[in-house]
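Only one structure is covered here, and it is reproduced in the block below.
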Amino acid sequence: MQTIPQDYQPAKDLLKNRTILVTGATDGIGEAAAHTFAAHGATVILLGRNVKKLEYVYDQMVEAGYPQPAIYPMDLEGATDADYAEMATMIENEFQTLDGLLHNAARLDALMPLEQYDLKMWARLLQVNLTAPFLMTRACLPLLRKSADASVIFTSSGVAHKGRAYWGAYAVTKAGCDNLMETLSDEVEANTAIRVNSIDPGRVRTKMRKKAFPGEDPMILPTPEEIMLPYLYLIGPDSKGQTGKIFSV
Ligand SMILES: NC(=O)c1ccc[n+]([C@@H]2O[C@H](COP(=O)([O-])OP(=O)(O)OC[C@H]3O[C@@H](n4cnc5c(N)ncnc54)[C@H](OP(=O)(O)O)[C@@H]3O)[C@@H](O)[C@H]2O)c1
C-alpha cells in the first residue's frame, strides 16, 4: 500500500482547466471530492442518481464561486453500455477531453453470511460497484486519451485486501476494482498518458460507514473533507508517473 508524499501541498490552481468526472457526487466522499476538485480550479461533472441532491451540490458549488460544474444524472444500477456511450458523447461535445475520472459511487447494502446471501443484492452490488466502473472507464478511454495527462481513480477498501466475514459481494467488488485498476494500468501505461490508481479511504464519517457500524461514534472518524489530500494528489498532475498502485489515506 502506498502513501502520498508526507509534506504534500497542492497548489491552489492545481486542477485549473481540467475536466473531472466524479461518480456518487451527491454524498459523503464523492461530494467532498467534487467540492475540493472545484476549489482547486477543476470543472467537475457531478454524476449521481438523485437529481435533487445533484442540484443541491451544484448550487453549493456555484455559490462558492467555483468553475461552473455540470450535472449528469445516472443510476449506475440500470445503466447500459448505450447509456455510457451517450454520456461520453455529451462530455466530448461539451468539454472535448476528460482529464480525471473518480470512481467513487458504491453501495454496501447489508452485511450477511454467504450461506444466506441474497442473490439480488449480490447482482446489484456487482453491477453498481464493479461493472459500472468498468463500462464507464471503457466508454471514457477515448476522451481520457485526448488529455495531456489523465488520471483514473478507483475506490478500494480495507476488505478488498483481505476478505472478511459477512462483507460478501461488497468486498468482492472492491477486490475486483483493485484488479481492474491494475489491469487497466498495465494496458495503458506504455502507450498513453493515462495513470490509473486506487484509493482506500479508510474509515470515514459517511452514511455508508454508519450503515456498516451503526453503534460506532461517528465523531471519532475523519470527515470526508479531512481525507482529500490523496484525492488531490492522484487526480492532479503531481502524481504523474504513478500508476497501478493502491494508496491509503
Ligand atoms: N466511508 C467509509 O468508511 C469507506 C471506507 C472504505 C471505502 N469506502 C468507499 O468510498 C466510496 C464513497 O463511500 P461513502 O462512504 O462516501 O458512501 P456514501 O456516503 O454512501 O455515498 C455513496 C455515493 O454513491 C452514490 N450511489 C450509490 N448507488 C448509486 C447508483 N446506483 N448510481 C449512482 N450513484 C450511486 C450515492 O448516491 P445517493 O446520494 O443517491 O445515495 C452517494 O453519492 C465508496 O466507493 C465506498 O465503498 C468508504
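One-based numbering along the sequence shown. What you see is a predicted model, and the numbers here were worked out from it, not measured in a lab. Whatever order the structure lists ligands and atoms in, that order sets their numbers, starting from 1.
- Taking the charged nitrogens against the carboxylate oxygens, R107 and D109 do have a contact shorter than 4.0 Å, which makes a salt bridge.
- In this structure, L54 CG and I45 CD1 are separated by 12.5 Å, a value rounded to the nearest 0.5 Å.
- At a threshold of 4.0 Å, the pair R195-E189 does not count as salt-bridged, since none of the basic side-chain nitrogens sits closer than that to a carboxylate oxygen.
- The closest protein non-hydrogen atom to atom 25 (C) of ligand 1 is G24 CA, 3.7 Å.
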Subject >> Stepwise side chain to side chain donor-acceptor pair (under 3.5 Å) test for Y170 and N129 >> reply: CA-CA 8 Å; Y170 177 84; N129 297 4; over 6 Å; no
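- A salt bridge is absent between E31 and K53: the closest approach of a Lys/Arg side-chain nitrogen to an acidic carboxylate oxygen does not fall below 4.0 angstrom.
- Side-chain contact, D83 with T80: a donor N or O sits under 3.5 Å from an acceptor N or O.
- The shortest contact between atom 31 (N) of ligand 1 and any protein heavy atom is with D75 OD1, 2.8 Å.
- At least one N/O-N/O distance between L76 and ligand 1 falls below 3.5 Å.
- Contacts between S156 and ligand 1 below 4.0 angstrom, taking non-hydrogen atoms only, involve the backbone exclusively.
- Geometrically, ligand 1 and V204 share a nitrogen or oxygen pair separated by less than 3.5 Å.
- For the pair R209 and F213, the cation-pi test (distance below 6.0 Å, angle within 45°) is passed.
- In terms of protein heavy-atom proximity, atom 21 (O) of ligand 1 is nearest to D27 CB, 4.0 Å.
- In this structure, atom 43 (O) of ligand 1 lies nearest to the protein heavy atom T26 OG1, 2.7 Å.
- In this structure, atom 5 (C) of ligand 1 lies nearest to the protein heavy atom G202 O, 2.9 Å.
- Per-residue contacts place G28 under 4.0 angstrom from the following atoms of ligand 1 (heavy atoms of the residue considered): 16 (O), 19 (O).
- Of all the listed residues (L46, I227, T206), T206 holds the heavy atom that lies closest to atom 15 (O) of ligand 1.
- Residue-ligand proximity, M208 to ligand 1, at heavy-atom distances under 4.0 Å covers atoms 15 (O), 17 (O), 20 (O), 46 (C), 47 (O).
- Distance from atom 47 (O) of ligand 1 to its nearest protein heavy atom, with residue and atom name: Y170 OH, 2.5 Å.
- The aromatic rings of Y233 and Y8 sit perpendicular, their planes meeting at an angle over 60°, well past the 30° parallel limit.
- For the residue pair P224 and A32, the shortest heavy atom distance occurs at CB-CB, 3.6 Å.
- Ion pairing between K245 and E182 fails under the 4.0 Å rule for side-chain N and carboxylate O.
- No hydrogens or angles considered: a donor-acceptor pair under 3.5 Å links the side chains of S198 and D178.
- Every atom of ligand 1 with a heavy atom of M74 under 4.0 Å away is listed here by number and element: 32 (N), 33 (C).
- Taking every heavy atom of E77 and a limit of under 4.0 angstrom, the matching atoms of ligand 1 come to 31 (N).
- Atoms of ligand 1 found under 4.0 Å from any heavy atom of K174, numbered from 1 in the order shown, are 44 (C), 45 (O), 46 (C), 47 (O).
- Shortest contact from atom 34 (N) of ligand 1 to any protein heavy atom: A105 CB, 3.8 Å.
- Side-chain atoms of S157 and D200 include no donor-acceptor pair closer than 3.5 Å.
- At a threshold of 4.0 Å, the pair R18-D149 counts as salt-bridged, since one of the basic side-chain nitrogens sits closer than that to a carboxylate oxygen.
- Nearest-heavy-atom check against atom 28 (N) of ligand 1 across R107, H103, K53 picks out R107.
- Residue T155 has at least one heavy-atom neighbour below 4.0 Å for each of these atoms of ligand 1: 9 (C), 10 (O), 11 (C), 45 (O).
- For ligand 1, the polar-atom distance check finds an N/O of N104 within less than 3.5 Å of one of the ligand's N/O atoms.
- Nearest non-hydrogen protein atom to atom 27 (C) of ligand 1 is A106 O, 3.5 Å.
- Near R203, with a cut-off below 4.0 Å to any heavy atom, the atoms of ligand 1 are 3 (O).
- Look at R205 and you'll find every heavy atom at least 4.0 Å from all atoms of ligand 1.
- Looking only at atom types and distance, the side chain of S185 has a donor-acceptor partner in the side chain of T243 under 3.5 Å away.
- Distances between N or O atoms of G48 and those of ligand 1 include no value under 3.5 Å.
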